[in-house]
Amino acid sequence: MEIKNGEVLLGGLSATDIASRFGTPCYVFEAQTIRARLNSIWQTVTHRPLRINYAVKAHANVAILQLLRAMGAGIDACSPGNLVFAEAAGFTGDQITYSSCSATDEELRLAHSGGVLFIANSLSQLQRYAKLGDSRPIGLRINCGIETGFHAHVRSGGPESKFGLHPHQIPEAIDAANRLGLRFTGLHTHMGSDVMECGPYLAALKCLIGLSSAIPDLEFIDLGGGWGIPFSDGWPEFELSEFGSTASVLMSRLCADRNRPIALILEPGAFIMQDAGFLLAKVTDITPPTIVNGQSTPHFVYLDANCGHTISALLYGTVRRVRPARVRESVTYSYYICGDLMQAGDIFARNLELAELQIGDIMTIDNCGSYCAVRASVFNQRPRPAEVLVDAGNARLVRRGETPADFLNDQLCD
């Protein structure tokens, strides 16, 4: 995204023109930003072999997955739906890892039949997976006891986490694998989301390397994902350079100790997608302030989008930058930017100082590339927005927006 002469450009195209062509609300993704983020990992983490498995849970769109596949990325899947998207984008089983904390027997069968690298989360999963036959390589998810992440709901390490086995359970898992005819070839961990410091990742890598002596056939170490991208001004950038150099040294030592190549697997999601996506919305109404009981009410601006389209604002209190796609020369006003839900908390921003807005103006909401469209709510039966990909100066629809009539497609009635 860039601002030129007071106008927001997405992938070099006018955000206002994109909104006029595809309608609002809509999500817009910049291919150039996606490529730049992925390339930054390839270039900074110098250890080889290196696998970068994009976490589909961050955003699932076939066209974007195809873009990532063309750049050498693999897939981190956690549900049958993730596998459907990966297959549609052309990924093969050997390019996919699969981990789920609550995998049903059917999920295990799908992962097994698809030839993906399965990461066991529990002893029960080991036992049920073994019933499917053969001794193909699998991984083991470990809770290293490292708790990190900006909110309690995204911390997936530590004593209260539902994910993975604890280090003291590794001997039991290995004994079970040996009895069941399974073969561990790697260790996996994931600690949280929107983590801005590299320290927890390096600590987890050292933990897994230390535990890996229990795995004779070690082929990979998987550090998961969760690297953060700043939501707004004042947030630090993830320390990618420090992580890349230190992790590469640690992995090189491990390879030397084992006298064999050992892959490092990373599973970034939001790091690749978050600042590549934007939500465009139209101003549908404006109510100026008035005086009630001697106090001024807010200056409300209403959009045809809502916080259900950026749900982390409601779940975690995250704040995204909201700005007009075109800024007019005028005095500034203090606005409340509101969504279209019949819910009092549906407010994108409060006391936002902006130049004068008018009905019909297009607004852009930043950092909507991950965990927005995939979690978009249909509360009030408001349809989910379309998705547009901008690449090399061309914008194309890559997911049509829903219509109210779509809500009736799965209704069974007389």
Side-chain angles (χ1 to χ4, degrees), residues 33-55 57-58 73-74 76 97 99 119 139 141-158 161 163-164 167 186-212 220-256 262-276 312 316 318 367 369-371:
T33 302
I34 296 170
R35 291 191 181 99
R37 284 291 180 184
L38 183 55
N39 273 330
S40 70
I41 306 173
W42 284 122
Q43 295 166 3
T44 306
V45 183
T46 57
H47 174 76
R48 298 295 184 271
L50 173 66
R51 291 180 58 180
I52 303 175
N53 286 356
Y54 169 68
K57 59 182 176 286
D76 161 40
T97 56
S99 59
I119 308 294
R141 181 164 184 162
I142 302 298
N143 182 339
C144 291
I146 300 170
E147 185 176 358
T148 189
F150 81 108
H151 190 280
H153 292 175
V154 299
R155 295 170 193 153
S156 51
S161 171
F163 298 104
L187 296 176
H188 172 286
T189 195
H190 176 65
M191 297 159 294
S193 297
D194 290 301
V195 180
M196 309 309 294
E197 305 85 19
C198 71
Y201 291 95
L202 297 175
L205 179 55
K206 292 174 183 177
C207 171
L208 293 186
I209 289 174
L211 297 171
S212 69
F220 70 89
I221 295 287
D222 189 334
L223 270 185
W227 305 347
I229 290 290
F231 273 99
S232 55
D233 295 341
W235 280 49
E237 292 278 351
F238 178 72
E239 301 157 334
L240 180 59
S241 179
E242 181 179 350
F243 168 79
S245 59
T246 305
S248 297
V249 169
L250 291 172
M251 288 299 300
S252 294
R253 291 174 183 169
L254 176 61
C255 294
I262 298 171
L264 176 63
I265 302 178
L266 304 172
E267 299 171 347
F271 184 82
I272 292 175
M273 289 300 303
Q274 184 168 295
D275 62 351
S312 63
Y316 314 131
T318 53
N367 292 310
S370 62
Y371 299 104

State, yes or no, whether a side-chain contact exists between [X] and [Y] at a heavy-atom distance under 4.5 Å.
| X | Y | answer |
| --- | --- | --- |
| V195 | E197 | yes |
| F243 | V45 | yes |
| L264 | P49 | no |

Is R37 close enough and on-axis enough to F271, meaning under 6.0 Å and within 45°, for cation-pi?
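Relative to the ring axis of F271, which defines the angle, R37 lies inside both limits.
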Does the salt bridge (charged side-chain N to carboxylate O under 4.0 Å, His left out) test come out yes or no for K57 and D76, once each step is laid out?
CA-CA 8 Å; K57 59 182 176 286; D76 161 40; 3.4 Å; yes
Take atom CZ in R253; do more than 12 heavy atoms of anything else shown fall under 6.0 Å from it?
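Not more than 12 within 6.0 Å, no.
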Look at the side chain of [X] and the backbone N and O of [Y], then say whether any donor-acceptor pair between them is shorter than 3.5 Å.
| X | Y | answer |
| --- | --- | --- |
| S248 | T46 | yes |
| H47 | L250 | no |
| E267 | N53 | no |
| S245 | E242 | yes |
| H188 | I119 | no |

Apply the test side chain to side chain contact (heavy atoms under 4.5 Å, CB included) to residues T97 and F220: give CA-CA distance (whole Å), side-chain angles for both, the deciding distance (0.1 Å), then the verdict.
CA-CA 12 Å; T97 56; F220 70 89; over 6 Å; no
Parallel, tilted or perpendicular: which one describes the rings of W227 and F238, with boundaries at 30° and 60°?
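Answer is parallel, since the angle falls under 30°.
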Supply the atom-to-atom distance [X] [atom1] to [Y] [atom2], rounded to the nearest 0.5 angstrom.
| X | Y | atom1 | atom2 | answer |
| --- | --- | --- | --- | --- |
| I209 | M251 | CD1 | CE | 6.0 Å |
| S370 | I272 | OG | CD1 | 10.5 Å |
| L223 | Y201 | CG | OH | 8.5 Å |
| T189 | D222 | OG1 | CG | 9.0 Å |
| F163 | I142 | CZ | CD1 | 14.5 Å |
| L187 | I221 | CG | CD1 | 5.0 Å |

Can you name the nearest heavy-atom pair linking [X] to [Y], along with the distance?
| X | Y | result |
| --- | --- | --- |
| A270 | Y371 | CB-CE1, 4.2 Å |
| C207 | C144 | SG-SG, 2.9 Å |
| A247 | L202 | N-CD2, 3.9 Å |
| E239 | G199 | OE1-N, 4.3 Å |
| P236 | M196 | O-CE, 2.6 Å |
| P230 | Q274 | O-NE2, 4.0 Å |

Test L240 against C198 for side chain to side chain contact (heavy atoms under 4.5 Å, CB included), laying out the working first.
CA-CA 7 Å; L240 180 59; C198 71; over 6 Å; no
